[in-house]
2 protein chains.
Amino acid sequence: MDTRIIDTLKRNQLSVTDSRKKILELFLDQQTALAHADIELQSGEDFDRVTIYRTLQTFVEKGIIHSIPSADNSVRYALCKDACSEGHHHDNHVHFMCDTCLTTYCLDHVTVPTVVLPEGFQVNQVDVVVSGKCLKCS
Amino acid sequence: MDTRIIDTLKRNQLSVTDSRKKILELFLDQQTALAHADIELQSGEDFDRVTIYRTLQTFVEKGIIHSIPSADNSVRYALCKDACSEGHHHDNHVHFMCDTCLTTYCLDHVTVPTVVLPEGFQVNQVDVVVSGKCLKCS
DNA sequence: TACACAAATGCAACATTGTTGCATAATATT
DNA sequence: AATATTATGCAACAATGTTGCATTTGTGTA
């Protein structure tokens, strides 16, 4: 068992439970974003759907994962890396969703460009959602 | 009745029906994005939910409206302006969602910045979703 | 290690959102 | 005005998300 899993949970003052360990493991094992349905399928041992919803919600609140906007009614989540995992929830991100395989990536190292808005709009967070073909599908 | 409504429907080879007229009118009357639920509430005369879903779907296919990604499980739609309305579906957009009142704007005139992606990713479309405080709420 | 407290889970029931097939009604075409 | 085409409404269903509460599990402490 990856020690990062228990470390992360403890650092965030969360009880170490089976579902949390397993769900966090799924995120650590793959570099892509996961939707609720993915987790339900991949978790093997079946946790109650409610537990998965609540776990995701808790992880978002603690800044362990963040949600990725999408236009297809399926919110996905991805691990917050480095800086973000220390509690800076309001980070900007570039996300990429493959039109073909629907795999979604959080591109941490891509810098979010500055957006200039009309007078009167106060910017809090900027999410860039790029779609196209990913490495595997092109 | 706004002649733009019937014009737009005919230009897109769509039968002119009550629900399509009403829904298109809602989009034309307000400058903000609408979710399915908003339309259901605002349409007054109640159309079947299925009709609303199908109308939105048809409008998206014809390029009359476009969907806006969101992180809260509620896809919103906004009118495609000028260039876009002539059939160029794959336009890039900057959208703004107010954290306070949840009103969503399609900022047509704001230019979408260029995003540089890692080797191997082919860009098709770029959506920028900005959140913060809107004109009214700041 | 055992105990008590706090917290998370699972279940049930429900609410919301989205989809499909088909008969009926409305619109378009001649 | 008559016919062909298309959209609507209904019903039934599927998927997704939420809430309250009893039970179980984890945590901190003696």
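Heavy atoms only: backbone and side chains are in, while hydrogens, waters and symmetry mates are out. Each chain gets a letter, A, B and so on, in the order the sequences are listed, and its residues count up from 1.
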Least distance between heavy atoms, A/Val75 atom then A/Ser70 atom: N-OG, 4.4 Å

NA contact type, A/Thr58, heavy-atom cut-off 4.0 Å: base, sugar-phosphate, or nothing? nothing

Partners meeting side chain to side chain donor-acceptor pair (under 3.5 Å) with B/Asp18 (sequence neighbours left out): none

Is it the case that the side chains of B/Ser74 and B/Arg76 hold a donor-acceptor pair, with the cut-off being a distance below 3.5 Å and no angle test? yes

Would you please name every residue forming a side chain to side chain contact (heavy atoms under 4.5 Å, CB included) with A/Thr111, sequence neighbours left out? none

Contacts of A/Asn73 that satisfy side chain to side chain donor-acceptor pair (under 3.5 Å) - sequence neighbours left out: none

Would you tabulate the pairs of protein nitrogen or oxygen atoms and nucleotide nitrogen or oxygen atoms of nucleotides 15-18 of chain D closer than 3.5 angstrom?
unit_1 : atom_1 : unit_2  : atom_2 : d
D/dG17 : OP1    : B/Asn73 : OD1    : 2.9
D/dG17 : OP1    : B/Asn73 : ND2    : 3.3
D/dG17 : OP2    : A/Tyr53 : OH     : 2.8
D/dG17 : N7     : A/Arg49 : NH1    : 3.2
D/dG17 : N7     : A/Arg49 : NH2    : 3.2
D/dG17 : O6     : A/Arg49 : NH2    : 3.1

Atom CG of B/Asn12 and atom P of D/dA7: how far apart are they, to the nearest Å? 13 Å

B/Ile23 atom CD1 is separated from D/dA7 atom C1', nearest whole Å, by 12 Å

Answer yes if A/Ile6 and A/Phe27 sit in the same cluster of Ile, Leu, Val, Met, Phe, Trp and Tyr residues linked by side chain heavy atoms under 4.5 Å apart, and no otherwise. yes

So if you build clusters from Ile, Leu, Val, Met, Phe, Trp, Tyr with side-chain heavy-atom gaps below 4.5 Å, do B/Ile52 and B/Val50 land together? no

With a non-hydrogen cut-off below 4.0 angstrom, is A/Arg54 in contact with a base, only sugar-phosphate, or nothing? base

For B/Thr8, all residues meeting side chain to side chain contact (heavy atoms under 4.5 Å, CB included), sequence neighbours excluded: B/Arg11, B/Asn12, B/Leu24, B/Ile64

CG on A/Asp127 to OG on B/Ser131, rounded to 0.5 Å: 7.0 Å

Kindly state each residue pair satisfying side chain to side chain donor-acceptor pair (under 3.5 Å) with at least one member in residues 32-41 of chain B, sequence neighbours excluded. B/His36-B/Glu40

Outermost contacting nts on DNA chain C, any atom under 4.0 Å from chain A heavy atoms, listed 5' then 3', are C/dA7 to C/dG18

Going by the rule side chain to side chain contact (heavy atoms under 4.5 Å, CB included), which residues pair with B/Leu135 if we only count those two or more places apart in sequence or in a different chain? A/Phe121

Helix axis bend for the helix from C/dT1-D/dA30 to C/dT30-D/dA1 - C1'-based end axes, five pairs, 10° rounding: 40°

Using the side chain to side chain donor-acceptor pair (under 3.5 Å) criterion, which residues pair with A/Gln57? Sequence neighbours excluded. none

Protein-nucleotides 24-27 of chain D N/O pairs under 3.5 Å:
unit_1 : atom_1 : unit_2  : atom_2 : d
D/dT27 : OP1    : A/Val16 : N      : 3.0

Only counting residues at least two apart or in another chain, list the ones meeting side chain to side chain donor-acceptor pair (under 3.5 Å) with A/Gln31. none

